[in-house]
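First the structure, in the form of structure tokens, and then the observations on it.
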Protein chains: 2
Amino acid sequence: MNPLYVQIKKRITENLVGGLWHPGQSIPSEIELAHSFNVSQGTVRKAIDELAAESILIRRQGKGTFVASHNEENIQLRFLRLTSSIGNKEKLDNRLISFGKEKASNGLAKTLKINNASTIVSIKRVLTFNQKPLILDLIKVPASSFRGLTPEKIVEKKGSMYRMYESDFGIQMLHAKEKIKAVAANSEVAKILGVKVNSPILSVERISFTYDNSPIEWRLGLCLTENHHYATELE
Amino acid sequence: MNPLYVQIKKRITENLVGGLWHPGQSIPSEIELAHSFNVSQGTVRKAIDELAAESILIRRQGKGTFVASHNEENIQLRFLRLTSSIGNKEKLDNRLISFGKEKASNGLAKTLKINNASTIVSIKRVLTFNQKPLILDLIKVPASSFRGLTPEKIVEKKGSMYRMYESDFGIQMLHAKEKIKAVAANSEVAKILGVKVNSPILSVERISFTYDNSPIEWRLGLCLTENHHYATELE
DNA sequence: GAGTGGTCTAGACCACGGC
DNA sequence: CCGTGGTCTAGACCACTCA
């Protein structure tokens, strides 16, 4: 049998998945949860501690515990690790290049855990900072999870796909795995990003997950790193 | 005033810095620590919890709490994020290219928090996997912290600088920050890594820290990513 | 069986935010 | 002022390791 706090953690997660508590809103207080789950406050605390460490919940002293959201005022683009090397604030923009549906390849179907040849939505877009192209994104998501996804919705949210997934489809990105390589720009990429063919490009392949480690988006980001870098920390 | 458990955490850290407890060895039990610090076991527990989360201590149920070490049997190269894309186990090797002393540039002095033009040890080496060159490392550390560092010591430890820092100099690397870019190979790099000039190369700049966030090593890793990738997770 | 970390409880008090 | 999360305590019991 699992420890009690793990069971509580699971029940809280179920409430989040089930849509009982919504992103940005507060969940019941620790004392209330302790009563409704018939455990001590300390046990609820430990469960919430872990969820907070995973950035699924956010504690605010004196106010309550809140469901994490991509729609927060301050933090936009929670998953964007690319930052300017010279440190100036920059204006982000989003230009859609193509939008269409296609059949998933076997490899993609496997990583997204969907049936072979399922329909997926394929999106190509460019992120620009200060008018200059910076990242070419190729994004693929299962069509079944995103019925009603249109080019207009992408343009509307100005770059933050995850905000849109959350507010328009009730799907929350919680964590992601990335594989990073250095590659040479081919002619198409070079043209879109405005560099010479064979210029070095940072390739960032990402698989994003929602609750219970379900993969929900595959993405390939091709980034210019002349004046920017991908920042990370090791422990 | 800081919370009690933060004070306890600090006192435990001081014992680690002061060399009272050594890497790989166990520290006193929670109950003993609680008595000697005159606090409850729960408070010691919370302090240790945080240190364990930072990979500074390692808990082992039934055995005790241990000081983390780079000399662990299983985990070698704790900070190496580059892995094979095809997933086969590979044999790592280490070839020293150059070893010398020089004056720190102003920029380097600033990042390592040492005086301008202090003496630093500069090391160039290649890591090979399965006989093929994979990473060209340029490493710079303050000479004052590593008196007696010789080329022989580097060759001896076969690649793990951090093991050597720990066992030969009592300096423990705890965490690091990295900046990643894609760059083009210049002629020297191309020659050493065995690729064409202007091939795309993954550039990983790392600053490593010991206790209290003191920087102790600057490193630039130039990696081939044809068959390998840098792996990371986002939360 | 003795000793370690891991879980759980109950209750007290503190620090912060907002009415 | 009240309700929230944050800290601290004391004590009970469980789960694991090793002699």
Side-chain angles (χ1 to χ4, degrees), chain A residues 1-16 20-69 72-75, chain B residues 1-16 20-69 72-75:
Chain A
M1 201 55 179
N2 273 335
L4 237 192
Y5 76 91
V6 174
Q7 299 171 41
I8 300 301
K9 190 179 165 186
K10 196 175 174 192
R11 292 179 67 177
I12 293 176
T13 304
E14 285 165 1
N15 285 342
L16 293 170
L20 186 58
W21 303 322
H22 293 96
Q25 298 182 343
S26 70
I27 69 172
S29 75
E30 295 179 355
I31 293 174
E32 286 178 273
L33 289 174
H35 288 163
S36 71
F37 290 142
N38 264 302
V39 297
S40 78
Q41 188 186 349
T43 302
V44 170
R45 229 188 133 61
K46 177 133 190 181
I48 293 180
D49 275 346
E50 293 205 348
L51 290 166
E54 297 168 34
S55 297
I56 291 174
L57 295 178
I58 298 172
R59 322 185 79 132
R60 291 199 231 276
Q61 183 171 143
K63 299 176 84 171
T65 301
F66 298 77
V67 184
S69 165
E72 298 290 322
E73 289 285 325
N74 309 323
I75 293 102
Chain B
M1 201 55 179
N2 274 335
L4 238 192
Y5 77 92
V6 175
Q7 299 171 42
I8 300 301
K9 190 179 165 186
K10 196 175 173 193
R11 293 178 67 178
I12 292 175
T13 303
E14 285 167 0
N15 285 342
L16 292 170
L20 186 56
W21 303 322
H22 293 97
Q25 297 181 345
S26 70
I27 69 172
S29 75
E30 295 180 352
I31 294 175
E32 285 179 274
L33 288 173
H35 288 162
S36 72
F37 289 143
N38 265 303
V39 297
S40 77
Q41 188 186 348
T43 301
V44 171
R45 228 186 133 63
K46 177 135 191 180
I48 293 180
D49 274 345
E50 293 206 348
L51 291 166
E54 296 169 33
S55 298
I56 291 174
L57 295 178
I58 298 173
R59 322 186 78 132
R60 291 198 233 276
Q61 183 171 143
K63 299 176 84 170
T65 301
F66 297 78
V67 184
S69 165
E72 297 291 322
E73 289 286 324
N74 310 324
I75 293 101

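Within every chain, numbering begins at 1; the chains are lettered A, B, ... in the order of the sequence lines, protein sequences first and strands thereafter. Because only heavy atoms are used, hydrogens play no part in the values below, and waters and symmetry mates are left out as well, while side chains stay in. Predicted model only: the values in this text are computed from it and were never measured.
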Phosphate OP1/OP2 of [N]: any [X] side-chain N/O under 4.0 Å:
X        : N      : result
Ser40(B) : dC8(D) : no
Lys46(A) : dT7(C) : yes
Thr65(B) : dG5(C) : yes
Thr43(A) : dT7(C) : no

Check nucleotides 17-19 of chain C against the protein and report each pair of N or O atoms closer than 3.5 Å, with its distance, or say if there are none.
unit_1  : atom_1 : unit_2   : atom_2 : d
dG18(C) : OP1    : Lys63(A) : NZ     : 3.3

In terms of side-chain heavy atoms of [X], which of [options] is nearest?
X        : options                : result
Pro3(B)  : dT9(C), dG6(D), dT7(D) : dT7(D)
Arg59(A) : dG6(D), dC8(D), dC8(C) : dG6(D)
Ser29(B) : dG5(C), dT9(D), dT4(D) : dG5(C)

Rounded to the nearest Å, what distance is computed from the [atom1] atom of residue [X] to the [atom2] atom of nucleotide [N]?
X        : N      : atom1 : atom2 : value
Phe66(A) : dT4(D) : CZ    : P     : 11 Å
Glu32(B) : dT4(C) : CD    : C1'   : 10 Å
Ile31(A) : dT9(C) : CD1   : P     : 15 Å
Phe37(A) : dC8(C) : CZ    : P     : 14 Å
Glu30(B) : dC8(D) : CD    : P     : 16 Å
Ile48(B) : dT7(D) : CD1   : P     : 17 Å
Asp49(B) : dT7(C) : CG    : C1'   : 12 Å
Leu33(B) : dT9(D) : CG    : P     : 14 Å

Which of residues 4-15 of chain A sit near DNA chain D, with a heavy atom under 4.0 Å from it? none
Asn2(A) backbone acceptor or donor facing Gln7(A) side chain under 3.5 Å: yes
side-chain contact (heavy atoms from CB on, under 4.5 Å), that's the test. Do His22(B) and Val67(B) meet it? Break it down for me. CA-CA 6 Å; His22(B) 293 97; Val67(B) 184; over 6 Å; no
As an exercise, state the distance from NE2 of His35(B) to CD of Gln41(B), rounded to the nearest 0.5 Å. 8.5 Å
In Å and rounded to the nearest 0.5 Å, what is the CD1 to NZ distance from Ile8(B) to Lys10(B)? 12.0 Å
Work out which heavy atom in Ser55(B) is nearest to a heavy atom in Ala68(B); give both atom names and the distance. O-CB, 3.3 Å
Looking only at heavy atoms, which two atoms of Tyr5(B) and Ala47(B) are closest? And how far apart? O-CB, 3.5 Å
Under 4.5 Å between any side-chain heavy atoms of Arg59(B) and Asp49(B), yes or no? yes
Close side-chain approach of Leu57(A) and Leu16(A), heavy atoms under 4.5 Å: yes
Among Ile12(A), Ile58(A), Ile27(A), whose side-chain contact (heavy atoms from CB on, under 4.5 Å) with Thr65(A) holds? Ile27(A)
Test Ile56(A) against Thr13(A) for side-chain contact (heavy atoms from CB on, under 4.5 Å), laying out the working first. CA-CA 9 Å; Ile56(A) 291 174; Thr13(A) 304; 5.9 Å; no
Remember a base hit wins even if backbone is also touched, and classify Arg45(B) as base, sugar-phosphate or nothing at under 4.0 Å, heavy atoms. base
